[in-house]
2 protein chains.
Amino acid sequence: MAIAERKDRESRSRAHDQRERILDAARRIVMREGLAALSMRKIAEAIGYSPASLYIYFEGRDEIAEALGREGYEQLLAQLKPLANIADARERLHAIAHAYVAYGCDHPRTYELIFMAHKERGPRAMRQRALPDAAGAPEEPAKPACGAQLLAATLSGLEQPGGMHADCGLLAQALWAMLHGVVMLTLAPNGFERAAHGPVIDAALDAWFGIRAAPGEPPAVRTPGAGS
Amino acid sequence: MAIAERKDRESRSRAHDQRERILDAARRIVMREGLAALSMRKIAEAIGYSPASLYIYFEGRDEIAEALGREGYEQLLAQLKPLANIADARERLHAIAHAYVAYGCDHPRTYELIFMAHKERGPRAMRQRALPDAAGAPEEPAKPACGAQLLAATLSGLEQPGGMHADCGLLAQALWAMLHGVVMLTLAPNGFERAAHGPVIDAALDAWFGIRAAPGEPPAVRTPGAGS
DNA sequence: GTCTATATACTGATAGAC
DNA sequence: GTCTATCAGTATATAGAC
């Protein structure tokens, strides 16, 4: 049975490589032309395959888009995580907030992927997928956890100056929504008038966490568990 | 020439009626199946026309979608405007904020229309439209003004309690972004974990405009120009 | 595992008859 | 002003040969 085993391992790793090639091609297409322009034909052409062959490695277009979305989400988090080490809580919050919006604005396709990959292409997406869970594949349970966690952790470092905020979790959600909203409005092709987003974010953070609670008092911010 | 004039008037009003019929059908389709499912063929079928005839009244699918988007935006504003008469500024702000999000969540298709109608269908939208402005039609210059105006007006009523916010306009933009973000995250089909939006909005408004600036002091809010 | 060929179902838009 | 017919594409997905 050793031979069968080895063959199985080999085919698995080959399959993994092919999936990677497919995802690479798909990513390039989305970056160049947007999620809406992603199609099995284009991917196949890009890697010199026939469209039919892609279905060996992915269930369909949607699964590919979702995979790219997860990737993008991890990239976004990776961008923010180092900022969690900034010692001063206020600085840290500012840095994370601006970095979040900057990422969204600088990588609109990826941001689109993160938040839109599912619903795309309404009519087809509404057909139920009757497939009863493809055989074999371990099927990761991965759904992206919400970005508000990172924000909530940072916010809890700001609680002191004046018995401030009741519920850090709620405020973190609001903050996240605000940042998401700024990105979406900036990317929206709608002619809605908008100010530059930098000052908007600063104004919001200031009004939320500014040094206004007791005028004259020093900033005095706790900085819990921030290494280095 | 009187006859020609009358004929012209008649044909104009007929054309207007037909446009309305087309928009009605389009609106119904979008409400039922989403913007992505809107197509010229479906509209034509719904009103018993041939697809070709629609091009007499509209330049194409995009123009129809944009018209629906403008409509939706006006409906949203119409929903909010009466709330601008609430005398107490804080109450007014709360009412508007919650109404805004409620509208977005209760009418996801319309909200989609308002903010997405343009970019839809990437590849086709990227083709430049070479048509040199269809003859005759007066061509309204309407682009929706930004919803932040309404918010800014209300915010300026909150400025008093403690020399509060530096720039009302910026804060209004942030507030708008936050509300938009809440709607978008609520509508996103992504499995991002979220709290119910009501408390999130309240927490945000509280932290922004709450009665925390000087503990013990009465609310003391100006209420400028709010009739009745 | 990969291909060709095809089934199926769209799409927006236009020419030209009536 | 409206239609039929059609151009010229798009797409997902699958059957069956090799």
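Computed from a predicted model, the values in this text were never measured in an experiment. Naming: A, B, ... by sequence-line order, numbering from 1 per chain.
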With sequence neighbours excluded, what pairs up with B/E71 under the salt bridge (Lys or Arg N to Asp or Glu O under 4.0 Å) test?
-> B/R27
Contact class for B/Y57 (heavy atom, under 4.0 Å): base, sugar-phosphate, or nothing?
-> sugar-phosphate
Report yes if a side-chain nitrogen or oxygen of B/R14 is closer than 4.0 Å to either non-bridging phosphate oxygen (OP1 or OP2) of D/dT2; otherwise report no.
-> yes
What is the distance, rounded to the nearest whole Å, between atom CD of B/E10 and atom P of D/dG1?
-> 12 Å
Return the residues of residues 46-55 of chain A meeting this criterion: a heavy atom under 4.0 Å from some atom of DNA chain C. Order them by number, or give none.
-> A/G48, A/Y49, A/S50, A/A52, A/S53
Round to the nearest Å and state the distance from A/I29 atom CD1 to D/dT10 atom C1'.
-> 15 Å
By side chain to side chain contact (heavy atoms under 4.5 Å, CB included), A/A99 pairs with (sequence neighbours left out) A/L80, A/L83
Take the protein atom CD of B/Q18 and the nucleotide atom P of D/dG1, then report the distance between them rounded to whole Å.
-> 9 Å
Side chain to side chain contact (heavy atoms under 4.5 Å, CB included) partners of B/Q79, counting only residues at least two apart = B/Y103
Whole angstrom value for the distance that separates P of C/dG1 from CG of A/D8 = 10 Å
Contacts of B/E45 that satisfy side chain to side chain contact (heavy atoms under 4.5 Å, CB included) - sequence neighbours left out | none
Rounded distance in Å - CD1 (B/I43) to P (C/dA13) | 11 Å
Please state how far atom CD1 in B/I22 lies from atom P in D/dG1, giving the value in whole angstrom units.
-> 12 Å
Once you round it to whole Å, what is the distance between P of D/dT10 and CZ of A/R41?
-> 7 Å
Residues forming a side chain to side chain contact (heavy atoms under 4.5 Å, CB included) with B/A25, sequence neighbours excluded | B/R28, B/I43, B/A46, B/I47
Flag the pair A/E10 and A/R14 as a salt bridge only when some basic side-chain nitrogen lies within less than 4.0 angstrom of an acidic carboxylate oxygen.
-> no
How close or far is atom P of C/dA13 from atom CZ of B/R61, stated in whole angstroms?
-> 9 Å
